[in-house]
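Order of the sequence lines sets the chain letters (A, B, ...), proteins ahead of strands, with each chain counted from 1.
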Amino acid sequence: MSKSEAESVDFVRQIITQDVANKKNGGAVVTRFPPEPNGYLHIGHAKSICLNFGIAEDFGGECHLRLDDTNPEKEEVEYVESIKADVRWLGFDWGENQFFASDYFEQIYEWAVKLIQDGKAYVCDQTTEEVREYRGGWNKEGKNSPYRDRSVSENLDLFQRMRDGEFKDGEKSLRAKIDMNSPNMNLRDPAMYRIRHQHHHRTGDKWCIYPTYDWTHGQSDSIENITHSICTLEFENHRPLYDWYIAALGIHHPQQIEFARLNLTHTVMSKRKLLELVEGDYVSGWDDPRMPTISGLRRRGYPAAAIREFCAHIGVTKFNGMTDLALLELYVRNNLNKTANRAMAILDPLKVVIENYSENKSEMRKAVNNPEDESAGIREMPFSRELYIEREDFMEAPPKKFFRLAPGREVRLKNGFFLKCNDVIKDDDGNITELRCTYDPETAGGKAPDGRKPSGTIHWVSAKHAIDAEVRVYNVLFEKEKADDVPEGVDWKETINPSSLVVMNNAKLEPALADAESGACFQFERLGYFCVDNRDSKPEKLVFNRTVSLRDNKKKK
RNA sequence: UACCCGAUGGUGUAAUGGUAGCACUUCGGUUUUUGGUACCGUCAGUCUAGGUUCGAAUCCUAGUCGGGUAACCA
């Protein structure tokens with residue numbers, strides 16, 4: 001990290017630094033990460049997690065994990081569990097501070113009663129359609145609900161009966177009495193409670209009225225003594241309401257601060273759209289390695305540290321931009337380059353027969369596990385008469401900038417010998433099936449005694465020692481940078497990249513990979529970073545996922 | 001059409017009234033048993049117009065452009 005990057009501080013931390021200096025909240029810093037358990041967490045949530053937990057760390061405060069479960073319609077325990085697992089995997093710890101908004105339902109109910117008593121809330125009988133109509137619009141003034149002036153006692157009675165289940169869904173609601181002509185729509189008598197005869201994943205059937213987000217969030221923050229309630233930009237217009245409720249209640253007043261959510265090229269990020277991809281079988285599940293979900297990235301092989309570094313790098317602002325996916329990949333490569341052991345793997349095999357190497361012979365060649373990390377040691381790879389090389393490492397009629405194998409040309413087999421191609425064997429259709437080559441036993445050290453230089457260095461595996469594997473090569477899910485920016489009438493899902501997954505069924509791996517553990521990451525030399533799939537890989541049938549390719553400078557120079 | 005927010009190289013950001021800096025990208029080069037890594041160099045920016053000031057990316061006004069907002073979703 002550069003000096004200026006280390007010293008620069010985002011605007012949220014600047015606000016908090018000020019507050020701490022001014023002894024606001026006694027100098028305490030308490031943040032929270034408050035997802036709704038209605039889906040899996042994605043890379044955008046990672047930005048928020050890193051911000052909230054990171055601030056708690058920086059200021060010696062705490063960060064709570066709060067599940068914002070006020071709408072039983074879309075929420076499930078499966079999501080709660082996945083959220084907890086993903087936050088932990090990212091490397092953060094909420095300690096004892098795990099909460100649910102539903103923990104506060106009783107308190108929030110009592111506060112609603114208080115607002116009714118203070119004449120600041122009323123039970124409304126309007127339908128959603130009527131509410132919408134009476135609310136007016138940006139240039140249309142609102143009209144008061146005919147139920148707005150009910151007496152306190154009538155409101156109290158009705159609200160109690162709402163809770164007791166006397167009314168059907170949607171028949172009544174509790175609304176805050178604010179201002180039906182506010183230029184801010186959120187202040188035109190917003191709903192506080194709606195009737196939903198629905199089972200809740202935690203409170204069961206105890207409640208048939210549920211508080212809305214606006215009427216829950218600030219109060220939950222207040223109960224938990226949150227000092228800084230950090231959320232995304234689309235809640236800016238809700239802040240006056242957040243402040244109104246807290247002021248009306250006269251309780252601890254956390255400060256809401258909004259920042260820009262993360263937008264990544266070539267991907268969609270809304271939970272609704274991710275759900276559509278899962279439910280429509282466009283992907284194999286929430287943890288499909290093409291998904292921007294934390295579980296998908298994990299399965300893809302992205303290290304948690306790389307995600308954290310990426311989040312630190314992109315910073316926090318109020319500017320709604322679009323971050324290039326390539327930047328995320330950069331951090332993944334940087335991390336893996338230092339940590340992943342190298343291995344040889346052939347995705348698309350082409351057989352090579354070394355005519356001057358005896359049939360029954362084989363020998364072990366030494367290979368460095370990680371040139372970036374001496375402590376990773378060395379391993380041995382078998383070498384024999386028949387090898388596999390990557391089909392694209394041979395060209396019968398190579399262009400000028402092709403440095404690999406070609407008829408009459410000599411290349412170096414990495415960790416092996418110099419290899420020269422003498423003959424090309426083809427089948428009846430003209431497809432190349434085999435290369436007849438010779439090797440130079442004098443080049444065992446990778447250098448020729450006569451000082452000649454090969455045109456390039458390629459990877460290989462010994463055919464009779466190789467193990468078979470399936471390798472899944474992933475590409476972007478959407479070829480367009482702005483994934484869901486489609487013309488009118490076009491379904492955004494139609495732009496899914498048909499080659500987002502390419503399965504290589506006939507991959508050949510060096511034998512050392514046989515006991516690679518689930519999730520283990522390797523650099524397949526010259527190809528990219530690959531990890532053992534944590535779901536489908538079995539000892540008898542290994543499955544690898546391509547995490548990310550190596551940077552490719554072929555086009556240049 | 002109302003309100004809120006924003007705008008710094010291609011991208012992400014820093015500079016908080018005092019030299020526009022950093023990273024990625026681009027392009028070029030060095031090293032290299034990975035066309036990887038590392039290293040060196042290089043191109044490139046304050047939305048516009050006024051104003052305040054000795055001095056403005058920063059403050060003010062207006063405009064332009066972009067985003068958000070009219071669920072009993074969060």
Side-chain angles (χ1 to χ4, degrees), chain A residues 1-11 14 34-36 38 68-71 73-75 124 126-128 131-132 135-142 169-175 182-186 188 190-196 209-210 212-214 216-217 231-240 258 260 265 271-272 310 313-324 326-327 330-331 333-334 337-338 342 344 367-368 371-372 401-404 412-416 418 443 445-447 454 456-459 523-528 549-557:
Chain A
M1 199 189 288
S2 74
K3 193 180 173 190
S4 76
E5 193 169 331
E7 287 175 353
S8 72
V9 172
D10 60 72
F11 81 98
Q14 286 177 30
E36 182 188 14
N38 67 341
D68 211 351
D69 54 352
T70 58
N71 184 358
E73 281 178 11
K74 300 187 282 183
E75 296 156 7
C124 183
Q126 287 188 310
T127 62
T128 45
V131 168
R132 192 179 320 132
R135 185 163 34 231
W138 292 317
N139 264 334
K140 256 174 55 200
E141 47 179 48
D169 285 8
E171 214 173 299
K172 288 188 168 22
S173 65
L174 184 73
R175 295 225 257 162
S182 170
N184 182 340
M185 293 299 150
N186 293 120
R188 319 253 265 221
M192 295 167 63
Y193 272 94
R194 69 285 213 184
I195 300 173
R196 288 275 185 287
I209 57 173
Y210 290 95
T212 59
Y213 163 84
D214 285 307
T216 308
H217 204 89
C231 60
T232 44
L233 248 28
E234 67 269 28
F235 292 103
E236 269 176 328
N237 295 331
H238 292 243
R239 188 174 356 114
E258 310 86 11
T265 57
K271 278 191 196 170
R272 198 201 89 228
F310 167 75
H313 177 87
I314 57 174
V316 179
T317 64
K318 300 190 74 159
F319 176 68
N320 249 313
M322 176 76 77
T323 301
D324 198 330
L327 194 61
L330 174 86
Y331 282 90
R333 286 193 191 100
N334 283 349
N337 179 46
K338 297 277 191 294
R342 314 286 119 128
M344 301 260 205
V368 172
E372 306 291 319
K401 293 289 186 186
F402 187 81
F403 302 137
R404 293 163 271 170
R412 173 165 41 223
L413 295 171
K414 173 130 184 170
N415 304 318
F418 286 11
T443 57
K447 292 192 168 55
T457 301
I458 65 172
H459 61 286
Q523 183 195 102
F524 288 175
E525 297 226 31
R526 302 207 307 128
L527 297 176
S549 65
L550 249 30
R551 218 174 79 169
D552 186 0
N553 286 333
K554 278 192 193 67
K555 286 139 273 181
K556 304 174 193 169
K557 294 178 184 177

Round to a whole Å and report the spacing from NZ of A:K271 to P of B:A74. 11 Å
B:G35 C1' sits how many Å from A:H459 NE2, rounded? 13 Å
Checking only heavy atoms, does the side chain of A:R526 share a donor-acceptor pair with the base of B:G35 at less than 3.5 Å? no
Are A:E236 and A:C231 close enough, and set up right, to give a side chain to side chain contact (heavy atoms under 4.5 Å, CB included), and what steps lead you there? CA-CA 9 Å; A:E236 269 176 328; A:C231 60; over 6 Å; no
Measure the spacing between CZ of A:R196 and CG of A:N71 and express it to the nearest 0.5 Å. 6.5 Å
Indicate whether OP1 or OP2 belonging to B:A2 is found under 4.0 Å from a side-chain N or O atom of A:K140. no
For A:G321, answer base if it contacts any base atom (sugar-phosphate contacts may also be present), sugar-phosphate if it contacts only those atoms, and nothing otherwise; contact means non-hydrogen atoms under 4.0 Å. sugar-phosphate
Of A:R404 and A:F11, the one whose closest nucleotide on RNA chain B sits nearer the 5' end is A:F11
Can you measure from CD (A:Q523) to CZ (A:R333) and round to the nearest 0.5 angstrom? 11.0 Å
Please list each protein N or O that sits under 3.5 Å from an N or O in nucleotides 71-73 of chain B, with the distance.
unit_1	atom_1	unit_2	atom_2	d
B:A71	OP2	A:R135	NH2	2.9
B:C72	OP2	A:R135	NH1	3.4
B:C72	O2'	A:R196	NH2	3.1
B:C72	N4	A:Q126	O	2.5
B:C72	N4	A:G170	O	3.3
B:C73	OP1	A:R196	NH2	2.6
B:C73	OP2	A:R194	NE	2.8
B:C73	OP2	A:R194	NH2	2.8
B:C73	OP2	A:R196	NH2	3.2
B:C73	O3'	A:R194	NH2	3.0
B:C73	O2'	A:N71	ND2	2.9
B:C73	O2'	A:K74	NZ	3.3

Of the listed nucleotides (B:U33, B:A23, B:U34), which one gets closest to any side-chain atom of A:P371? B:U34
Roughly how far apart, to the nearest Å, are B:C3 and B:G63 at atom P? 11 Å
With heavy atoms under 4.0 Å as the rule, sort A:G445 into base, sugar-phosphate or nothing. base
At under 4.0 Å between heavy atoms, what does A:F319 touch on the DNA or RNA strands: base, sugar-phosphate, or nothing? sugar-phosphate
How should the glycosidic conformation of B:A20 be described, syn or anti, under the criterion that syn lies within 90° of 0? anti
A:R342 side-chain N/O to B:U37 phosphate OP1/OP2 under 4.0 Å: no
Residues that A:F418 engages under ring pair (Phe, Tyr, Trp, His ring centres under 6.0 Å), provided they are two or more places apart: none
Heavy atoms only, 4.0 Å cut-off, all strands: where does A:N184 land among base, sugar-phosphate and nothing? nothing
Applying a 4.0 Å non-hydrogen cut-off, can you work out what A:E258 is touching in the nucleic acid: base, sugar-phosphate, or nothing? nothing
If I take atom NE2 from residue A:H459 and atom CG from residue A:L413, how far apart are they, to the nearest 0.5 angstrom? 11.0 Å
Expressed as a whole number of angstroms, how long is the span from A:D324:CG to B:U25:P? 10 Å
Mind checking the CG-CE spacing from A:N415 to A:M344? Nearest 0.5 Å is all I need. 4.5 Å
Can you tell me, in whole Å, how much space there is between the C1' of B:C22 and that of B:U46? 16 Å
Within this structure, what is the CD-to-P distance between A:E525 and B:U32, rounded to whole angstrom? 17 Å
List the steps and the verdict of side chain to side chain contact (heavy atoms under 4.5 Å, CB included) for A:L330 and A:H313. CA-CA 11 Å; A:L330 174 86; A:H313 177 87; over 6 Å; no
Counting the atoms with a prime plus P, OP1 and OP2 as sugar-phosphate, which does A:M322 contact under 4.0 Å by heavy atoms, base, sugar-phosphate, or nothing? sugar-phosphate
Any base atoms under 4.0 Å from A:H238, or only sugar-phosphate, or nothing? Heavy atoms, all strands. base
Angle class for the A:Y213/A:H238 ring planes (parallel below 30°, perpendicular above 60°, tilted otherwise)? perpendicular
Say we look at B:U58 and B:U19: how far apart would their P atoms be, to the nearest angstrom? 14 Å
Say you pick atom P in B:G66 and the same atom in B:C39; how far apart are they, in whole Å? 41 Å
Would you mind classifying the nucleic acid contact of A:R333 as base, sugar-phosphate or nothing, using non-hydrogen atoms under 4.0 angstrom? nothing
Give the dot-bracket string for RNA chain B, reading 5' to 3', where a pair is Watson-Crick or G-U wobble with both distances under 3.5 Å, ( ) marks pairs inside the strand, [ ] marks pairs crossing earlier ones, | marks a partner on another strand, and . marks unpaired. .((((((..((((....[..))))..((((.......)))).....(((((..]....))))))))))).....
Find the distance A:K414:NZ to B:G35:P and express it as a whole number of Å. 8 Å
Would you classify A:L330 as touching base, sugar-phosphate or nothing, given that sugar-phosphate means primed atoms plus P, OP1 and OP2, and contacts are heavy atoms under 4.0 Å? sugar-phosphate
For A:F403, what residues pass the ring pair (Phe, Tyr, Trp, His ring centres under 6.0 Å) criterion, not counting sequence neighbours? none
Expressed in whole Å, how much space separates the C1' atoms belonging to B:A44 and B:U13? 16 Å
Whole angstrom is fine here: how far is it from CD in A:E234 over to C1' in B:C5? 12 Å
Looking across every strand, which nucleic acid part, if any, lies under 4.0 Å from A:P454 by heavy atom: base, sugar-phosphate, or nothing? nothing
Tell me, do A:F310 and A:L327 make a side-chain contact under 4.5 Å, heavy atoms counted? yes
Please tell me which of the listed nucleotides, B:A74, B:G12, B:G35, lies nearest to the side chain of A:T457? B:G35
Could you tell me whether the phosphate oxygens of B:A14, OP1 or OP2, come under 4.0 Å of any side-chain nitrogen or oxygen in A:Q14? no
Which whole-number value in Å describes the distance from A:N237 CG to B:A74 C1'? 15 Å
Please state whether the phosphate of B:U37, meaning OP1 or OP2, lies under 4.0 angstrom from any side-chain nitrogen or oxygen of A:R551. yes
B:U69 pyrimidine/purine six-ring stacking with A:W138, under 5.5 Å and 30°: yes
Walk me through it: do A:M322 and A:T265 pass the test side chain to side chain contact (heavy atoms under 4.5 Å, CB included)? CA-CA 7 Å; A:M322 176 76 77; A:T265 57; 3.6 Å; yes
A:I458 or A:N186: which one's nearest nucleotide on RNA chain B is closer to the 5' end? A:I458
Closest heavy-atom pair, A:I209 versus A:I195, reported as atoms and distance to 0.1 Å, is CG2-CG1, 4.0 Å
Name the nucleic acid region contacted by A:F402, choosing base, sugar-phosphate or nothing; use a 4.0 angstrom heavy-atom cut-off, strictly under. base
Check step by step if side chain to side chain contact (heavy atoms under 4.5 Å, CB included) holds for A:M185 and A:W138. CA-CA 8 Å; A:M185 293 299 150; A:W138 292 317; 3.7 Å; yes
Between the protein and nucleotides 60-67 of chain B, are there any N/O to N/O pairs under 3.5 Å, and if so, what are the atom names and distances?
unit_1	atom_1	unit_2	atom_2	d
B:G67	O2'	A:N320	ND2	3.0

Sequence-aligned protein contact record of nucleotides 38-46 of chain B, with B where the base is within under 4.0 Å of a protein heavy atom and S where only the sugar-phosphate is: ---------
